[in-house]
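This is a predicted model, so every value here is computed, not measured.
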Amino acid sequence: MEFANTFNQLINLALDIYEWKNLPETCDSRLMEAALLWRGYMAFYEDENGSIWSYSAGPGGELTRYGYPSKGYLYAHNGVVEQCNFYWPFMDNADANGVLCLDNKMGYPMINYIIRGAERIADARRALDVAAKNSKRPFVFSGTEEQVGTIKSIYNDMDNNEPFLIVDEEQLGTLKPSIMSTNFHEGSIKELWDYYINTRNDVLNSLGINTKANNDKKERMNVTETLGDLEYTEKQQDYRLEERKAFCERVNEAFGLDISVDYKQSSLELMAMEAQAQNPMGGNDNE
């Protein structure tokens, strides 16, 4: 369950990084981003009626001299499969009826990063959960089979945050168990929490999602620090954004459209940019 929650959360975040504008009514931005995420390829296709459709895509061979596929296969969720000829600026495009988009220069599906990232985050979170449970049980009881019920009752009281009392230790008689420490130390939860946060942030940053790495910093970051913290994340966004923008240029040339794409800016980024515009020198502005 922890993995499923984390995996689907990452998918939703990854699908919401880029913003497409002026798309034809027949094209669906969610499908476009999902296709790029899962397959590394997406394409626009013009049917015999002149309508433009967005499809999940795959290369179909016959490479150009630069290694791009001149033909491809298009896949719809209802099972429809089409073949098309891709438009490239340096080709004879007389028969071109499709335009291919790569998620990145390698056409490598980002889903592989998300699967592995979700595994790491879920594992770190589970380790934290186990440590939190163990903080209630810093000892292991060693005793006889007849003592199991008493020990379980004590643990249940602890889980329910109820106190348990022993009126007279001598009344335990032969039921007195021995106790062994689990060597649990108070700092382990803090250490595992930091590990979990760093693991999560590393995965999110690889997707181009800023996590404001200075989480433990007591004072507020100034504008210069904030913008510097965004630089790495923007690099992660840009190498994928470049391929989307190149795709828009080819689509506009091939089909006479005016589509565009950019990454969505968070409210924090917009605030930082506005503050930078008002105070270009940075100074001591801690806002």
With rounding to the nearest 0.5 Å, note down the distance linking [atom1] in [X] to [atom2] in [Y].
X: Leu13; Y: Ile209; atom1: CG; atom2: CD1; result: 4.5 Å
X: Asp28; Y: Glu33; atom1: CG; atom2: CD; result: 10.5 Å
X: Cys84; Y: Asp95; atom1: SG; atom2: CG; result: 11.5 Å
X: Lys105; Y: Tyr239; atom1: NZ; atom2: OH; result: 10.0 Å
X: Ile197; Y: Arg200; atom1: CD1; atom2: CZ; result: 4.0 Å
X: Asp103; Y: Arg39; atom1: CG; atom2: CZ; result: 13.0 Å

Heavy-atom pair with the smallest gap, counting every atom of [X] and [Y]:
X: Ile115; Y: Phe3; result: O-CE1, 3.7 Å
X: Arg240; Y: Leu207; result: NH1-O, 3.9 Å
X: Leu15; Y: Leu37; result: CD2-CD2, 4.0 Å
X: Met32; Y: Ser54; result: CG-CB, 3.7 Å
X: Ala127; Y: Leu192; result: O-CD1, 3.6 Å
X: Asn8; Y: Ala4; result: ND2-O, 2.8 Å

Pairwise side-chain contact, [X] with [Y], heavy-atom cut-off 4.5 Å (strictly under):
X: Cys248; Y: Trp20; result: yes
X: Glu191; Y: Asp194; result: no
X: Pro24; Y: Leu257; result: yes
X: Leu74; Y: Ser56; result: no

**Study point:** Enclosure of Glu62 CD (heavy-atom neighbours >12, cutoff 6.0 Å)
**Key:**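 No.
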Point to revise | CG (Asn12) with more than 12 external heavy atoms under 6.0 Å | key: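 Yes, the 6.0 Å shell around CG holds more than 12 heavy atoms from other groups.
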Review point. Going through the checks in order, is the ring pair (Phe, Tyr, Trp, His ring centres under 6.0 Å) test met by Tyr68 and Phe86?
Key: CA-CA 9 Å; Tyr68 296 101; Phe86 289 132; over 10 Å; no
Check your understanding: Are Leu31 and Val99 connected, step by step, through hydrophobic side chains (Ile, Leu, Val, Met, Phe, Trp, Tyr) whose heavy atoms are closer than 4.5 Å?
Key ->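 Different clusters: Leu31 never reaches Val99 through Ile, Leu, Val, Met, Phe, Trp or Tyr contacts under 4.5 Å.
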**Study point:** Hphob cluster co-occupancy, Phe255 + Tyr55, side-chain heavy atoms under 4.5 angstrom
**Key:**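 Different clusters.
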**Study point:** Side-chain donor-acceptor pair present, Glu82, Tyr73, cut-off under 3.5 Å
**Key:**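 On atom types as modelled, these side chains do not qualify, holding no pair under 3.5 Å.
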Practice item. Establish, yes or no, whether the cationic atom of Arg244 lies under 6.0 Å from the six-membered ring centre of Tyr18 and within 45° of the ring axis. Key: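 Yes, a cation-pi geometry holds between Arg244 and Tyr18.
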**Study point:** side-chain contact (heavy atoms from CB on, under 4.5 Å) against Asn5, all qualifying residues, sequence neighbours excluded
**Key:**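 With sequence neighbours excluded, Asn5 shows a side-chain contact (heavy atoms from CB on, under 4.5 Å) to Met1, given in chain and number order.
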In a table with atom names and distances, give each donor-acceptor pair under 3.5 Å that connects a side chain of residues 41-48 to protein atoms at least two apart or in another chain.
from  : atom 1 : to    : atom 2 : distance (Å)
Asp47 : OD1    : Asn49 : N      : 2.9
Asp47 : OD1    : Gly50 : N      : 3.0
Asp47 : OD1    : Ser51 : N      : 2.9
Asp47 : OD2    : Trp53 : NE1    : 2.9

Exercise for review: Apply side-chain contact (heavy atoms from CB on, under 4.5 Å) to the pair Thr199 and Arg120, showing each step before the final yes or no.
Suggested key: CA-CA 7 Å; Thr199 300; Arg120 291 190 177 113; 3.8 Å; yes
Point to revise | Centroid separation Phe90 to Tyr66 less than 6.0 Å | key: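 For Phe90 and Tyr66, the ring centres are under 6.0 Å apart.
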Practice item. Could you give me the CA-CA distance, side-chain angles and deciding distance for Ile11 and Ile111, then say whether side-chain contact (heavy atoms from CB on, under 4.5 Å) is met? Key: CA-CA 8 Å; Ile11 291 291; Ile111 192 65; 3.4 Å; yes
Practice item. Step by step, work out the ring pair (Phe, Tyr, Trp, His ring centres under 6.0 Å) result for Tyr113 and Tyr108. Key: CA-CA 10 Å; Tyr113 291 101; Tyr108 186 75; 5.8 Å; yes
Check your understanding: In chain order, what residues pass the ring pair (Phe, Tyr, Trp, His ring centres under 6.0 Å) check against Tyr196, with sequence neighbours excluded?
Key ->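 Counting only residues at least two positions away or on another chain, Tyr196 forms a ring pair (Phe, Tyr, Trp, His ring centres under 6.0 Å) with Trp193.
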